[in-house]
Amino acid sequence: MVYDFDQVLDRRNTSSMKWDGVVHRFGRADILPLWVADMDFKAPQPVIDAIAERARHGVYGYTDIPTSYHESVVSWVRRRHGWDIQPEWMLSTPGVVPGLAVAIMAFTEPGDKVLIQSPVYPPFFSIIRENGRELVNSQLVLAGDRYVMDFEDLEAQLDLGVKLVILCSPANPVGRVWTREELSRLAQMCVSRGIVIASDEIHSDIVYSSSKHIPIASLSNEVRDNTLTFIAPSKTFNLAGLATSVAIVPDPCLRERFERVLGSIGIGVNLFGITALEAAYTHGEEWLGQVLRYLEGNLDFLCRFVDERIPGIRVIRAEGTYVIWLDCRGLGMTPRALREFMVSRARVGLNDGVPFGPGGEGFQRINIACPNSILGEALERIETASKSLQYRQ
């Protein structure tokens with residue numbers, strides 16, 4: 001089946017956070033939204049068909065997770081990432097962020113230190129602080145055109161008594177797909193200090209042709225037994241609204257602690273999320289191959305357009321994810337002025353860089369998982385608005 005990702009779908013009046021929430025978020029209705037990380041594409045047809053078939057049954061009662069669900073995850077992870085996992089390692093949560101919050105509660109106590117690496121997904125900050133833990137940050141370094149881990153600083157921060165590291169792999173928003181060497185170095189730092197790793201790998205299937213995602217837990221048995229890995233079909237197949245994700249916890253002691261906290265707060269998954277996950281991981285590979293080619297085309301288009309027509313902005317070319325980091329510091333604006341420029345003058349709704357933590361000032365995040373015509377219109381709006389600015393040389 002050939003999918004048409006150029007088709008513009010009207011998502012208004014569907015309770016879409018991205019489209020119906022623009023006035024609430026940006027204060028005006030004429031905004032073209034390219035912010036929150038979902039796609040403006042239909043899900044794979046086998047997923048749509050599976051949900052429709054399940055809906056026709058008409059009874060939506062309490063639901064167990066079937067064996068076939070676990071088998072679909074095992075097969076997907078093996079095929080896509082070369083990692084052999086076992087069904088008994090899996091626990092399901094209604095999202096990766098809730099899963100990370102459970103990990104914080106399971107493996108740390110109030111006042112304990114939890115490390116992240118900014119710029120990073122904003123909810124990481126809130127789930128640490130709102131659970132009464134101390135946030136420790138080892139800021140990523142922009143070295144030329146790509147971000148790298150600052151291992152010297154990372155080691156110093158880990159030695160402060162960190163109990164848990166939350167890794168973003170691939171990294172949102174900076175677009176890095178971490179290499180085996182980078183992951184191994186981080187993993188050994190944690191293993192040698194008895195620090196548990198919670199690895200958010202929700203973007204692991206959105207990786208471009210020059211890179212390959214490596215699950216950090218696949219590096220060795222030692223690392224595997226020190227790691228919780230969180231995956232979901234939500235970014236891969238545009239299923240975020242179905243609130244279903246998987247925590248892969250190979251070590252039985254870690255798994256028992258995680259499951260105890262998970263049970264204590266009574267969170268589960270959605271009936272239709274179970275159906276969609278299994279259909280996506282079983283029958284969605286053809287769709288994913290096509291969408292990856294389309295996204296890489298949009299990424300090429302974004303890079304060319306900005307390089308040729310919008311001085312003052314630089315694209316940090318992503319190795320993975322469809323949310324792309326824009327370095328806008330060349331525009332010479334304060335973070336507040338940059339936000340105002342994008343909303344009031346360019347009339348585009350992007351993610352401002354400041355909530356991504358230290359290192360996010362002067363940056364914006366743009367979502368390219370949309371028809372090329374929408375991406376082009378957004379870039380033209382930014383170009384038009386920028387022509388009136390005086391750039392710093």
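Separation of atoms NZ (K235) and CG (D205) is listed at 12.5 Å; rounding is to 0.5 Å. Within the model, atoms CG of D327 and CG of L142 stand 6.5 Å from one another, a figure rounded to the nearest 0.5 Å. Between the CG atom of L375 and the CZ atom of F301 there is a distance of 5.5 Å, given to the nearest 0.5 Å. Here the CG atom belonging to D20 is positioned 5.5 Å from the CG atom belonging to N13, to the nearest 0.5 angstrom. Note: L158 CG to I195 CD1 = 4.5 Å, rounded to the nearest 0.5 Å.
Under the 4.5 Å side-chain criterion, counting only non-hydrogen atoms from C-beta, V196 is not in contact with C190. Under the 4.5 Å side-chain criterion, counting only non-hydrogen atoms from C-beta, I231 is in contact with V73.
Donor-acceptor pairing under 3.5 Å is recorded for the side chains of T93 and S245. Side chains of E222 and S220: no donor on one and acceptor on the other come within 3.5 Å. Judged by distance alone, the side chains of Q117 and N137 never bring a donor and an acceptor atom under 3.5 Å apart. Remark: the R133 side chain and the T108 side chain contain an N/O donor-acceptor pair separated by less than 3.5 Å. Between the side chains of D6 and Y294, at least one donor-acceptor pair of N or O atoms lies under 3.5 Å.
Applying the ring pair (Phe, Tyr, Trp, His ring centres under 6.0 Å) definition to pairs two or more places apart or across chains, those involving residues 351-382 are W325-F356, W325-F363.
Considering only residues two or more places apart in sequence or on other chains, E377 meets the salt bridge (Lys or Arg N to Asp or Glu O under 4.0 Å) condition with R381.
A salt bridge links D300 with R317; the closest basic N to acidic carboxylate O contact falls under 4.0 Å.
Of the listed residues (Y69, W83, F237), just one forms a ring pair (Phe, Tyr, Trp, His ring centres under 6.0 Å) with W76, and that residue is F237.
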